[in-house]
Amino acid sequence: MTAHEADDPFAHLHDEDYARPFSRRLATAETLVALSGRKAHSLDGEWHMTLDLFDEGLRQRWYELDETPPSQWATPRDYEIEAGECVHVPSCWNVLKPEWFHFEGAAWYTRWLNWEPGEAAERVFLSFGAANYAALVFLNGAYLGGHQGGSTPFCVEASAHLKPGRNRLQVYVENRRRHDRVPMHHIDWFNYGGLYREVALLRLPQVFIRNASASLTPDGAAVHFRLSASEPVSGMAELEIAELDLRASMRVESGKGEVTVPVSVTRWSPAEPKLYEVRVAFAGDIVIERIGFRTIETRGTEILLNGEPIWLKGICVHEDDLEHGKVSTEADIRRRFRHAKELGCNFLRLAHYPHHELAARIADEEGLLLWAEIPVYWAIDFSNPATLADARNQLCELILRDMNRASVIIWGVGNENADTDARLAFMGDLAATAKRLDPSRLTSAACLINREHFTIEDRLADHLDIIGLNEYFGWYEADFSGLDRLLANSNPGKPVIVSETGADAVTGNRGAGRVLFTEDWQAEFYREQFRRILATPYIAGLAAWLLYDFRTERRQTGFQRGYNRKGLIGSDKTTKKLAFEVLTDCYRDK
Ligand code: GCU
């Protein structure tokens, strides 16, 4: 019996303010610990899981319940750990059982972990790759912290609540779509829920490196190092890139340090994805990263990689899998990139949210360029300061996580957002935040066109390095004349990437002429699109929409049946459609 129940065992039935205690102590980009090159103890594997549609666990404080066996209960209870199904973490509950497919609510994950204390001064953190959408972490009944945002990593400190021997770890995850969230409640992808990326335990010294970065200066003649420590301490950090015979010291003042060291490097590029081992040591901690050094910039309407114009031959990808939902395994990511290379791509748009950390790490090795983005998608509560704080935090968590990934060249701050003053302020702030945190990369967003002038024109473009243009002439608009008019009318003055264009096709569905949902029309669509895109000098790239068919609850015709069928490959991630070869030919001949 908890103290709470002692006074009124039914109080929880009337308490609608139950969540308030958990709106504090949220993990953010400020508390994120860089995982790179660290030994982490995996907590993946079998966890108990109980769905909790009405947040009974918070109302009745399941996290406080002791382990008295049912035979000795004084009063009945509504939760017991062993009664929860055993599920594998990471996973999405939607694809684990048919009756959980459309579940949007909360779930409790519980597991035990044995703990052997180490050095007295060490600090212990729990690290989560992502949980969609919100998470609360409890250890032995104590609330450690929570997180908002469905696709970015977060860390909570466990040091004060771990005890030798068995410890009970509980994570509450909820995937409700809400007006004030990012994204809001209307999306064109499946709203998977769960602890769907890796969970690990980190043992760190009292003072540790929260994050460290190394990037090439714009003139390419030096490497700029930056470090943030966990505490506002001062001292000297030691830097090393052995292959370049680079050893240097960096002054750290009140927890922050940066230094620029002249050096000559082999530039990272798709043709030669050269990576160097970079070691940063400070206050007894060390971070080891494999980093590629390159520059990315714009000049007029061109995008320059290492000072040379590059045309981005791209494809968009979602994190979506028939079997795994939003879980991205290494094999799945490598298959994605293999298919992109078969297409002749040098570029992928990771739509519409931060993808698994491995995606950029593997793209670094494969020499693929990436557009990474946060899910400021369609309608957002742009006037809500808490929503802006959530979006800004997701952006900062993404940037801090992938700061050292040469493959990432563009931070995308949104997608197809109606032009209002509130949206302009909100997204202008995000673009400025990206530039401030990381001046070494370009910013973009999928903008809308000005339908009155019929031009590529969006007030937001003034805040961006590259204009993303999502256009579906020939699909959502019956013919291509609008595209001809738009491209002829426009004079954007900065690079444009066609950040989406595509048409649905059901694998095996054939037809002659413009018959929607046939492979033949999807193939013809790309011929007509690519001819026009190629003839437009200010277009510096294309990210075709998209590689694989994917689940979405808002597509329910007989052709779609809960899927968006614009994939160049079916949802089996194997069966190619006619358009795959057409786009391959276009990219080859480009
Ligand atoms: C939009 C949107 C995508 C969507 C696509 C489509 O541009 O950005 O998320 O899936 O169009 O209609 O298929």
Side-chain angles (χ1 to χ4, degrees), residues 132 150-151 177 181-192 314-321 326 336 348-355 371-380 391 410 412-419 423 427 444-451 456 458 460 464 466-478 482-483 486 496-507 516-519 521-522 525-526 529 533 539 541-557 559-571 577 579 583:
N132 190 45
S151 301
R177 289 168 295 116
R181 286 186 162 175
V182 181
M184 194 194 268
H185 36 219
H186 182 214
I187 52 179
D188 190 26
W189 66 85
F190 195 90
N191 182 37
Y192 294 106
I315 189 77
C316 295
V317 286
H318 257 303
E319 283 189 321
D320 186 83
D321 187 80
K326 197 173 185 290
R336 235 177 267 172
L348 289 98
R349 179 184 172 192
L350 305 185
H352 281 297
Y353 35 72
H355 282 215
W371 160 323
E373 69 186 69
I374 55 171
V376 175
Y377 182 89
W378 290 355
I380 293 285
I410 295 169
V413 297
N415 185 78
E416 294 188 352
N417 315 96
D419 183 11
R423 169 261 193 172
M427 295 181 73
S444 189
C447 301
L448 297 176
I449 65 175
N450 179 318
R451 292 251 164 206
I456 298 170
D458 183 328
L460 179 61
L464 305 172
I466 294 172
I467 298 171
L469 169 65
N470 288 5
E471 52 85 5
Y472 284 88
F473 294 97
W475 180 254
Y476 290 120
E477 311 193 44
L483 182 56
L486 177 73
V496 170
I497 292 175
V498 175
S499 37
E500 279 183 42
T501 193
D504 283 68
V506 177
T507 310
L516 301 186
F517 294 99
T518 60
E519 287 196 40
W521 176 248
Q522 187 190 40
F525 171 90
Y526 275 102
Q529 277 280 343
I533 290 169
I539 293 181
L542 163 64
W545 186 263
L546 81 169
L547 189 54
Y548 304 123
D549 291 356
F550 62 95
R551 283 195 182 97
T552 171
E553 288 138 309
R554 61 184 291 272
R555 309 273 180 170
Q556 293 298 341
T557 64
F559 296 111
Q560 297 159 318
R561 297 211 180 288
Y563 279 82
N564 183 311
R565 300 282 183 202
K566 294 189 182 67
L568 299 181
I569 298 175
S571 57
K577 303 174 191 174
L583 190 57

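One-based numbering, in listed order, for ligands and for the atoms of each. Predicted, not measured: the structure shown is a model, and the values here were computed from it.
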- Message: Is it the case that ligand 1 has an N or O less than 3.5 angstrom from some N or O of Y476?
- Response: yes
- Between the main-chain N or O of A505 and the side-chain N or O of E519, is there a donor-acceptor pair closer than 3.5 Å? no
- Closest non-hydrogen protein atom to atom 10 (O) of ligand 1, residue and atom name please, with distance? D188 OD2, 2.6 Å
- Go through ligand 1 atom by atom and flag the ones less than 4.0 Å from a non-hydrogen atom of N415. 2 (C), 8 (O)
- Query: Near F550, which atoms of ligand 1 are under 4.0 Å from a heavy atom of that residue?
  - Reply: 10 (O)
- Item | For N470, the ligand 1 atoms whose distance to one of its heavy atoms is below 4.0 Å | 7 (O), 8 (O)
- Message: To check you understand the geometry: which heavy-atom pair defines the closest contact between G502 and Y472, and what is its length?
- Response: O-CD2, 3.0 Å
- Atoms of ligand 1, numbered as shown, that sit under 4.0 Å from any heavy atom of K566: 6 (C), 12 (O), 13 (O)
- With atoms numbered from 1 as shown, which atoms in ligand 1 lie under 4.0 angstrom from a non-hydrogen atom of R555? 6 (C), 12 (O), 13 (O)
- Query: Is the shortest side-chain N to carboxylate O distance from E553 to R177 below 4.0 Å?
  - Reply: no
- How far is atom 7 (O) of ligand 1 from its nearest protein heavy atom, and which residue and atom is that? E416 OE2, 2.4 Å
- Is the closest basic N to carboxylate O distance between R561 and D549 below 4.0 Å? no
- Task: Could you tell me whether the side chain of R336 and the main chain of V317 form a donor-acceptor pair under 3.5 Å?
- Result: no
- Message: Less than 6.0 angstrom separating the ring centers of H318 and Y353, yes or no?
- Response: yes
- Message: So, applying side chain to side chain contact (heavy atoms under 4.5 Å, CB included) with I533, which one of V496, I539, L469 is it?
- Response: I539
- Task: May I ask you to check whether H318 has an N/O atom sitting below 3.5 Å from an N/O atom of ligand 1?
- Result: no
- Message: So, 4.0 Å and heavy atoms of W475: is ligand 1 close enough to count as a contact?
- Response: no
- Note on the structure: Atoms of ligand 1 under 4.0 Å from any heavy atom of H352, numbered from 1 in the order shown, are 3 (C), 8 (O), 9 (O)
- Identity and separation of the nearest protein heavy atom to atom 2 (C) of ligand 1: E500 OE1, 3.3 Å
- Note on the structure: Atoms of ligand 1 under 4.0 Å from any heavy atom of N564, numbered from 1 in the order shown, are 6 (C), 10 (O), 13 (O)
- Task: State whether a side-chain donor-acceptor pair under 3.5 Å links D321 with Y548.
- Result: no
- Message: Can a donor-acceptor pair be found, under 3.5 Å and without considering hydrogens, that links the side chain of R423 to the backbone of N417?
- Response: yes
- Does W189 come within less than 4.0 angstrom of ligand 1, counting non-hydrogen atoms of the residue? no
